[in-house]
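Have a look at the structure below, then the notes.
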Protein chains: 2
Amino acid sequence: MTEPKTPDVAATPGPVKKHGRDGKSNATIYDIAKVAGVNPSTVSRALSKPGRVSAKTQKLIEDAAAELNYQVNPFARALPTGRTSTFGLIVADITNPTFFDIIRGAETTATVRDYTLVLAESAESAVTELTAARRMMATVDGLILASPRMDDDNIRALARDKPVVVINREVDGVPCVVPDVDKGISEAVRSLAANGHRKVAFVAGPPQSWMSARRWDGVQAACEWSRLDAVRLESTKPTVDGGRQVARDVRASGATAVLTYNDLLAIGLMQELQAAGVVVPDQISIVGFDDIFGADFTTPPLTTVRSPLGECGSGAATLLLDLLQGRGEGAETLRVETELVLRGSSGRLLPAG
Amino acid sequence: MTEPKTPDVAATPGPVKKHGRDGKSNATIYDIAKVAGVNPSTVSRALSKPGRVSAKTQKLIEDAAAELNYQVNPFARALPTGRTSTFGLIVADITNPTFFDIIRGAETTATVRDYTLVLAESAESAVTELTAARRMMATVDGLILASPRMDDDNIRALARDKPVVVINREVDGVPCVVPDVDKGISEAVRSLAANGHRKVAFVAGPPQSWMSARRWDGVQAACEWSRLDAVRLESTKPTVDGGRQVARDVRASGATAVLTYNDLLAIGLMQELQAAGVVVPDQISIVGFDDIFGADFTTPPLTTVRSPLGECGSGAATLLLDLLQGRGEGAETLRVETELVLRGSSGRLLPAG
DNA sequence: CAATTGATGGCAACCGGTTGACAAAGCTCC
DNA sequence: GGAGCTTTGTCAACCGGTTGCCATCAATTG
């Protein structure tokens with residue numbers, strides 16, 4: 001049944017492949033066609049073009065397919081069509097828990113809609129990122145870039161080739177999913193103001209991060225509104241360690257409340273301050289960004305401006321898949337809300353003891 | 001140059017594909033052959049079989065390929081060969097941070113060796129897992145199963161088809177990567193014994209988890225060695241929430257030290273105990289497993305038996321790729337060491353106040 | 001100098017599913 | 001009963017590499 005069509009080569013069996021395709025799992029539409037007594041192309045149509053063949057033939061073919069437990073060969077399908085039912089997700093840093101939820105959201109949506117997720121990381125390097133993106137482009141139907149580091153033009157160039165969705169950054173002409181930071185930030189700043197704080201520090205993230213710039217803008221605006229002083233501090237890297245390192249600057253700044261570019265910085269900062277005997281939140285209030293996994297493990301648990309990361313991931317995937325399946329608009333930007341998650345690391349400012 | 005070979009169909013242009021392959025990025029070996037003045041098959045050989053063509057022709061072809069900035073079409077290659085330069089990783093639960101490091105390790109190794117990682121999750125369901133595995137089998141060269149929930153026979157069945165590597169479980173006849181828990185556990189138990197504890201509770205994980213069983217075995221053995229009492233408690237699910245729920249049982253058990261199946265349980269348990277006014281570690285010592293991201297965010301930071309998860313991921317990927325590239329042995333098991341990470345959640349037992 | 005050998009490139013079949021063109025069959029309607 | 005239209009299935013080309021077999025040609029050897 002499944003013998004090769006060229007009987008002559010069968011004479012030289014060749015090396016026995018340990019994991020050959022000689023199992024029972026490799027029925028083709030030709031096999032089905034033979035069993036059902038129709039032409040292979042009819043089988044193809046029955047299996048992919050709904051309604052193109054008569055109900056009777058349809059059933060015949062489906063039965064045969066089931067009997068042979070047929071599964072399409074994705075490569076054979078991808079070759080002529082270009083469709084792969086696969087999309088790529090490139091994250092700046094797999095180490096960073098911010099992306100965990102994004103990955104999860106994207107993966108879940110992919111599975112639900114019968115797509116497969118392919119994952120890559122750029123190690124925070126624009127060059128690596130572009131390389132990975134190019135490589136992926138060949139094998140996927142579309143691409144999601146989470147917090148991309150490459151410049152806008154490169155992103156648009158990729159988007160010209162296949163659908164691309166960007167997370168955590170706005171790029172003209174490309175569909176994006178961005179948390180709208182204003183609501184969360186203004187909630188946070190108002191809460192700090194209400195607790196008697198007068199001077200707020202913002203610990204910035206990587207210089208090339210679009211989102212860091214947005215957050216600093218938002219903090220400035222909100223502070224102006226609430227008539228608070230805002231100072232900006234720089235971090236070396238957006239990690240727990242970076243947070244520890246910036247503690248000195250924070251104390252020197254004289255601010256009684258700190259917002260950090262992300263939760264990792266906040267956690268590191270809090271650890272270092274507490275180690276130095278500073279009581280959080282009595283002496284300094286700390287507010288992070290993102291509400292990553294583990295943000296509530298700390299003592300006190302971290303107050304943070306939550307970005308719905310899972311929603312970002314699934315939203316981006318949905319946007320992309322809609323685009324792929326032709327029911328997408330164009331380059332629309334999906335805005336998701338941020339909100340303040342009030343926990344223990346921020347609160348009333350007590351008079352210095 | 002790149003016009004279709006059937007000029008008649010060009011008369012009916014068809015719908016303009018927004019993301020067609022009409023860009024400049026789709027040179028084929030035929031284009032190269034034309035430029036270099038050789039046969040397509042020669043191009044194919046030059047590009048994949050080292051030394052099969054003369055150095056002169058090789059150069060000619062490589063230049064032409066570079067000029068056209070050619071990239072192989074992975075599908076066209078996969079179709080006749082079955083090779084895809086891709087492997088799959090199925091994790092029980094993307095939500096669970098245990099897998100983050102595993103994913104990262106596997107992804108890094110994949111990239112280094114020019115493979116692509118495809119990710120899927122099974123949502124802790126054996127059925128979903130098997131479905132995902134089957135689906136993947138069609139598109140990957142090999143598979144890594146991290147903490148699989150399906151039974152041994154199904155794993156072996158998959159392994160018969162293509163190379164499979166299992167993480168966090170031992171399956172006869174299949175290469176595995178398992179943390180050797182004994183060292184870490186005995187360190188942990190000895191430390192507890194030295195601190196005056198006499199009764200230790202173990203909070204178990206999912207009943208079908210191989211690793212949970214191993215850890216319980218290890219705890220029993222170590223306790224016997226150190227002449228401690230060991231009691232086993234059950235958790236509803238291996239999460240922070242599950243840890244909270246088991247707090248009542250822990251207190252009722254009379255144990256002064258607890259080892260939990262994983263860090264999430266430990267963290268939840270600690271939160272709940274602290275909320276009830278129990279002082280950790282003065283009244284109860286808590287030891288987790290895995291040393292996941294965030295295990296040191298808690299106050300006190302969590303003592304835990306570290307499994308080198310990243311190493312598991314990269315080790316499994318290496319094992320798999322070696323197998324794929326023919327330099328693997330057979331079903332060898334890679335054992336990685338565990339070690340006690342002593343932090344603040346365990347320590348000397350103070351006399352009850 | 002002829003014969004043997006090895007290196008090199010070309011030919012053509014093949015992987016498995018897709019799709020435009022077309023023909024046969026079925027159906028309606030006058 | 002036949003013209004005209006719609007359904008349904010077949011044919012064959014095609015996607016882009018891979019590879020066994022063979023022809024060619026140059027190099028080596030007796």
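Computation of the quantities below employed the complete heavy-atom set of this structure, encompassing side-chain atoms and omitting hydrogens, waters and symmetry-equivalent molecules. In what follows, chains are A, B, ... by sequence order, proteins preceding strands, each numbered from 1. Quick caveat, the model's predicted, so the values are computed rather than measured.
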Side chain of Val38(B) (C-beta onward), nearest among dG10(C), dG16(D), dT10(D)
dG10(C)

Counting only side-chain nitrogens and oxygens, does Tyr30(B) get under 4.0 Å of the OP1 or OP2 atom of dC14(D)?
no

Write down the distance between CG (Asn39(A)) and P (dG16(C)), rounded to a whole number of angstrom.
17 Å

Taken to the nearest whole Å, CD1/Ile61(A) to P/dG17(C) is 13 Å

Between the side chains of Arg135(A) and Thr116(B), does any donor sit under 3.5 Å from an acceptor?
yes

Which nucleotide wins on minimum distance to the side chain of Ser41(B), given the candidates dC11(C), dC11(D), dT18(C)?
dC11(C)

For dG16(C), does OP1 or OP2 lie under 4.0 Å from any side-chain N or O of Tyr70(A)?
no

Of the listed nucleotides dG16(D), dT10(D), dC21(D), the one nearest the side chain of Arg45(A)
dT10(D)

Figure out the CD/C1' separation between Gln58(B) and dG9(C), and round it to whole Å.
13 Å

Candidates dG17(D), dT8(C), dC15(C) - which lies nearest the side chain of Arg77(B)
dG17(D)

Which of these nucleotides, dT10(D), dC15(D), dG16(D), is closest to any side-chain atom of Pro80(A)?
dC15(D)

Ionic contact status for Arg156(A) with Asp153(A), cut-off 4.0 Å:
yes

Give, ordered by number, those residues of residues 46-54 of chain A having at least one heavy-atom distance below 4.0 Å to an atom of DNA chain D; if nothing qualifies, reply none.
Arg52(A), Val53(A), Ser54(A)

Of all heavy-atom pairs between Met136(B) and Ala120(B), which one has the smallest distance, and what is that distance?
CE-CB, 3.5 Å

Without decimals, in angstroms, what is the distance between Leu68(A) CG and dG16(C) C1'?
15 Å

Can you figure out which of dT8(C), dA12(D), dT18(D) approaches the side chain of Ser44(B) most closely?
dT18(D)

Starting at CG of Asp31(A) and ending at P of dG16(C), how long is that distance when rounded to a whole Å?
9 Å

Please give, in whole Å, the distance from dC15(D) P to Ile29(B) CD1?
12 Å

Give a yes or no on whether a salt bridge exists between Asp152(A) and Arg169(A), defined as a side-chain N under 4.0 angstrom from a carboxylate O.
yes

Provide the closest heavy-atom pair for Glu121(B) versus Ala92(B) in the form atom of the first, atom of the second, distance.
OE1-O, 3.9 Å

Between C1' of dT8(C) and CG of Leu60(B), the distance in whole Å
14 Å

Specify the closest pair of heavy atoms between Ala36(B) and Leu60(B), including all atoms of both residues, with the distance to one decimal.
O-CD2, 3.4 Å

Round to a whole Å and report the spacing from CZ of Arg83(A) to P of dT18(C).
7 Å

Are any of Asn73(A)'s side-chain N or O atoms less than 4.0 Å away from OP1 or OP2 of dC15(C)?
no

Asp101(B)/Arg104(B) salt bridge by N-O under 4.0 Å criterion:
yes

Return no unless some side-chain N or O of Thr81(A) is found under 4.0 Å from OP1 or OP2 of dT18(C).
no

Can Arg134(A) and Gln71(B) be counted as having a side-chain donor-acceptor contact under 3.5 angstrom?
no

